[in-house]
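Note that the structure is a prediction, hence the values are computed from the model and not measured.
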Amino acid sequence: MSSKEIILITTALTKISKKKKNLVFLGEWCHVDSNNNLDSFKQNQTIKHHWCKFSKRQKDVKYLEKHYERILRDVSNKLNKIHKVKKDLRYWRLILGPWLIYYIVTMFDRWENLRIFFKINRNKKKKTHYSVAEKDIFYNLDTKDYLYKSIGSDYWNYNNYLRIIKFKYLSKIILEKTKFVKHTESYNVKNKLSIKNFFSTFLFRGFDFIFSFFGIRYNKVIIDTLYFSKFNQLKLFFKLKLIPSFYYSTFKDISFDKKKYFNLDSRNRMFNNQKKFKDPFINYLYFAMKTDFPIVFLEKFNDVQNLNFKLNKLRKKLIITALSHMWNERFKIWAAEMITKGAKFHVASHGGFLPFKIEEFFSHHMAVSDKYLTWRSAKEERWKKKRIRLSPVQLLKNINFTASEKKTCLILHYSVLRYAKNIQSFPYAEQYKAAFNNICEVVENLSNPIKKEVIYRCAEKNDNFFRTIKKFSIKFKNLKTQEAGETSLRNELKKTKLIICTHPETPVCDAIVSNIPTVIVFSEKLFQLTKNSKKILNHLKKNKIYFDDPVKASKHINKIWDNPDIWWKSKSTIKCLEKLKKFAFNIEDDWQSEWVNHIKKNI
């Protein structure tokens with residue numbers, strides 16, 4: 001092999017000899033513990049992720065949002081013709097929006113990774129391996145099916161990269177056929193229930209099935225998933241005099257054989273005769289959509305309408321949801337039908353803390369809703385009239401928590417996906433190492449009595465994420481680690497003396513509301529916050545609640561550890577926290593009246 005010839009490795013799918021040289025790894029996701037461990041390939045190149053430069057993210061989000069709007073209009077018109085209906089853009093935005101946004105962003109990310117590889121290696125001879133893929137690898141049942149594959153499957157990403165190469169770069173690289181064994185991937189992991197929880201869940205859902213049967217028919221206000229505790233949501237139902245219904249089975253996900261219902265003729269009618277664009281990425285999108293477009297929106301759309309036939313005859317005054325408008329295709333299609341009959345549609349924020357520079361998801365939640373129910377003050381001009389601030393009731397489950405034994409130092413760390421799914425203000429790819437090194441530096445500088453009480457908690461249940469729990473265990477052999485799905489946060493708080501949060505998101509709110517002393521540590525270079533957010537952070541920094549320097553954070557924790565409540569309950573700290581709550585996640589004492597008044601005002 002010529003010294004100038006390089007071999008492109010696009011994913012962690014296949015094992016590579018550690019003696020191999022002249023390898024170019026397309027990104028950090030190629031290195032996983034089971035296959036291409038980074039330490040074994042230091043002599044080879046790993047390309048930096050393009051969105052590690054925040055200026056590129058800001059440029060790309062404008063480009064992607066513009067094309068999202070244009071493609072949404074085009075696909076909506078095509079579906080109106082195919083399904084012989086005359087639905088408006090909002091109707092299709094509610095139904096198609098989540099999938100189309102994920103699709104455009106993930107496809108652009110993979111496209112850019114390859115574009116950059118070919119650009120920086122344009123004068124080198126290039127080779128990559130390929131194998132024959134299963135025909136249905138790109139068939140998608142619905143939004144979840146696509147997303148789970150795009151962020152959780154090396155096999156899907158391997159074949160998608162190969163598809164892009166064949167579409168755009170076939171003349172610039174040698175494809176060498178190889179034998180390939182498909183990984184058995186489990187990218188859709190469900191939590192196992194204990195026997196006690198299984199029976200309580202079974203009993204609850206049995207009752208809910210009965211109540212929801214009547215609730216969906218007779219309640220004029222439909223309150224879907226809000227992340228409230230069941231007890232608090234029941235309080236809201238009774239206050240509004242609604243039949244208590246959680247609708248767990250009302251819009252049950254549909255399941256079918258993708259191979260059986262995939263219809264090439266329907267897809268040819270939809271995507272053939274598509275005009276060519278000057279932008280090769282947009283041409284690729286339309287080329288790929290012919291196979292990738294979810295079956296539930298095309299071949300099975302009328303079947304879903306038939307399943308919803310009786311429910312579609314209903315009329316509702318108001319529908320409130322925090323989640324189903326993203327994932328549940330039956331719910332989305334039904335809600336879109338209700339909106340055409342005059343129902344108001346409100347989306348409630350399911351999390352938050354401080355505002356970021358890039359609004360995640362192209363502000364889809366606000367675009368589809370009449371009102372967006374948010375936790376914090378709305379100082380941004382865009383969508384200001386749609387934002388309504390209401391108490392984040394889901395935080396009440398941990399409010400003023402009384403710990404049974406104040407002992408542990410609980411670290412709540414941020415998990416970074418191996419494959420990008422959104423364009424946002426959070427770390428990407430190799431930036432996970434900087435975030436991980438920050439918290440390791442905090443731990444290294446803790447005194448030994450504190451260090452022994454550390455529990456490192458992170459959500460990394462499957463290979464979707466970079467595995468920092470294992471790295472932490474190797475670095476700190478005697479310290480405890482915890483996968484977030486293994487035990488509830490509430491159970492951990494019962495024995496927590498101090499919390500360390502490593503990212504400016506919902507866990508910070510959970511921690512502060514619990515009234516357990518909390519220290520926030522993260523780099524502002526990794527989490528891009530707005531100017532308003534930085535004003536809040538500066539105030540937190542002055543009161544030693546927030547640190548961007550891990551060593552200073554450790555020194556503060558060492559100083560207060562014996563009795564952190566002295567610092568936490570001091571006048572200056574309380575005043576600072578009250579100001580933070582007022583801005584970011586204030587909970588009214590009479591939150592029931594607040595929510596009830598909002599709902600009654602809108603029906």
With side-chain hydrogen bond (donor to acceptor under 3.5 Å, both in side chains) as the criterion, how do Glu360 and Asn422 come out once you've worked through the C-alpha distance, each side chain's angles and the decisive distance to 0.1 Å? CA-CA 7 Å; Glu360 187 180 10; Asn422 285 326; 2.6 Å; yes

Please verify the inter-ring angle class for Trp327 with Tyr148; under 30° counts as parallel, over 60° as perpendicular, anything in between as tilted. parallel

Plane angle bin for Phe281 and Tyr63 - parallel if under 30°, tilted between 30 and 60°, otherwise perpendicular: tilted

Whether Arg93 and Glu69 form a salt bridge (side-chain N of Lys/Arg under 4.0 Å from carboxylate O of Asp/Glu) is what I want to check. yes

To the nearest 0.5 angstrom, please state how far the CD1 atom of Ile71 sits from the CD1 atom of Ile101. 11.5 Å

OG1 of Thr502 to CZ of Arg457: how many Å apart, nearest 0.5 Å? 12.5 Å

Side chains of Arg418 and Tyr432: any donor to acceptor distance under 3.5 Å? no

If I take atom CZ from residue Arg90 and atom OG from residue Ser369, how far apart are they, to the nearest 0.5 angstrom? 7.5 Å

So, applying side-chain hydrogen bond (donor to acceptor under 3.5 Å, both in side chains) with Tyr419, which one of Asp109, Thr106, Asp154, Asn464 is it? Asp154

Give a yes or no on whether the backbone of Phe251 and the side-chain of Asn328 come within a donor-acceptor separation of less than 3.5 Å. yes

Give the ring-plane orientation class for Tyr428 versus His49, where under 30° counts as parallel, over 60° as perpendicular and anything between as tilted. parallel

Does the plane of the ring in His83 sit parallel, tilted or perpendicular to the ring in Trp92? Use 30° and 60° as the thresholds. parallel

Please check if the number of heavy atoms outside Lys48 that lie under 6.0 Å from its NZ is greater than 12. no

Steps toward side-chain hydrogen bond (donor to acceptor under 3.5 Å, both in side chains) verdict (Asn160, Arg163): CA-CA 5 Å; Asn160 188 49; Arg163 182 168 63 171; 3.0 Å; yes

I'd like to know if Lys300 and Asp142 make a salt bridge, using a cut-off of under 4.0 Å between side-chain N and carboxylate O. no

Taking Asn140 for the side chain and Asp292 for the main chain, is one N or O donor matched with an acceptor at less than 3.5 Å? yes

Any sub-3.5 Å donor-acceptor pair from Arg467's side-chain atoms to Asn462's backbone N or O? yes

How long is the span from the NE2 atom in His129 to the CD1 atom in Ile7, to the nearest 0.5 Å? 5.0 Å

Pair Phe361 + Tyr102: ring centers closer than 6.0 Å: yes

Just how far is it from atom NZ of Lys87 to atom CD1 of Ile333, taken to the nearest 0.5 Å? 11.0 Å

Look at the side chain of Arg110 and the backbone N and O of Met107, then say whether any donor-acceptor pair between them is shorter than 3.5 Å. no

Correct closest heavy-atom pair for Cys30 and Phe25 would be CB-CD2, 3.6 Å

What's the separation between atom CG in Asp224 and atom CD1 in Ile320, rounded to the nearest 0.5 Å? 10.0 Å

Donor-acceptor contact present, side-chain Lys177 to main-chain Leu175, <3.5 Å: no

Can you say whether the rings of Phe356 and Phe426 are parallel (under 30°), tilted (30 to 60°) or perpendicular (over 60°)? tilted

So with a 6.0 Å cut-off around NE2 of His350, is the heavy-atom count from everything else above 12? no

Assess the pair Phe522 and Tyr546: is the distance between their ring centroids shorter than 6.0 Å? yes

Would you say NZ of Lys535 has more than 12 non-hydrogen atoms from neighbouring residues, nucleotides or ligands within 6.0 angstrom? no

Using modelled atom types only, decide if a donor and an acceptor are shared between the side chain of Thr530 and the backbone of Ser533 within a distance under 3.5 Å. yes

Check ion pair Lys144-Glu329 (N to O, under 4.0 angstrom): no

Mind telling me whether Phe277 and Tyr286 have parallel, tilted or perpendicular rings, with 30° and 60° as the class edges? parallel

Which label fits Tyr456 and His413: parallel for a plane angle under 30°, tilted from 30 to 60°, or perpendicular past 60°? tilted

Could you tell me whether the side chain of Lys332 and the main chain of Ile95 form a donor-acceptor pair under 3.5 Å? yes

Could you tell me whether Glu359 and Arg387 have a side-chain N and a carboxylate O separated by less than 4.0 Å? yes

Could you walk me through whether Thr46 and His31 pass side-chain hydrogen bond (donor to acceptor under 3.5 Å, both in side chains), step by step? CA-CA 9 Å; Thr46 300; His31 307 295; 2.9 Å; yes

Which pair of heavy atoms, one from Pro294 and one from Arg267, lies closest together, and at what distance? C-NH2, 4.1 Å

Sub-6.0 Å ring centroid separation between Tyr169 and Phe117: no

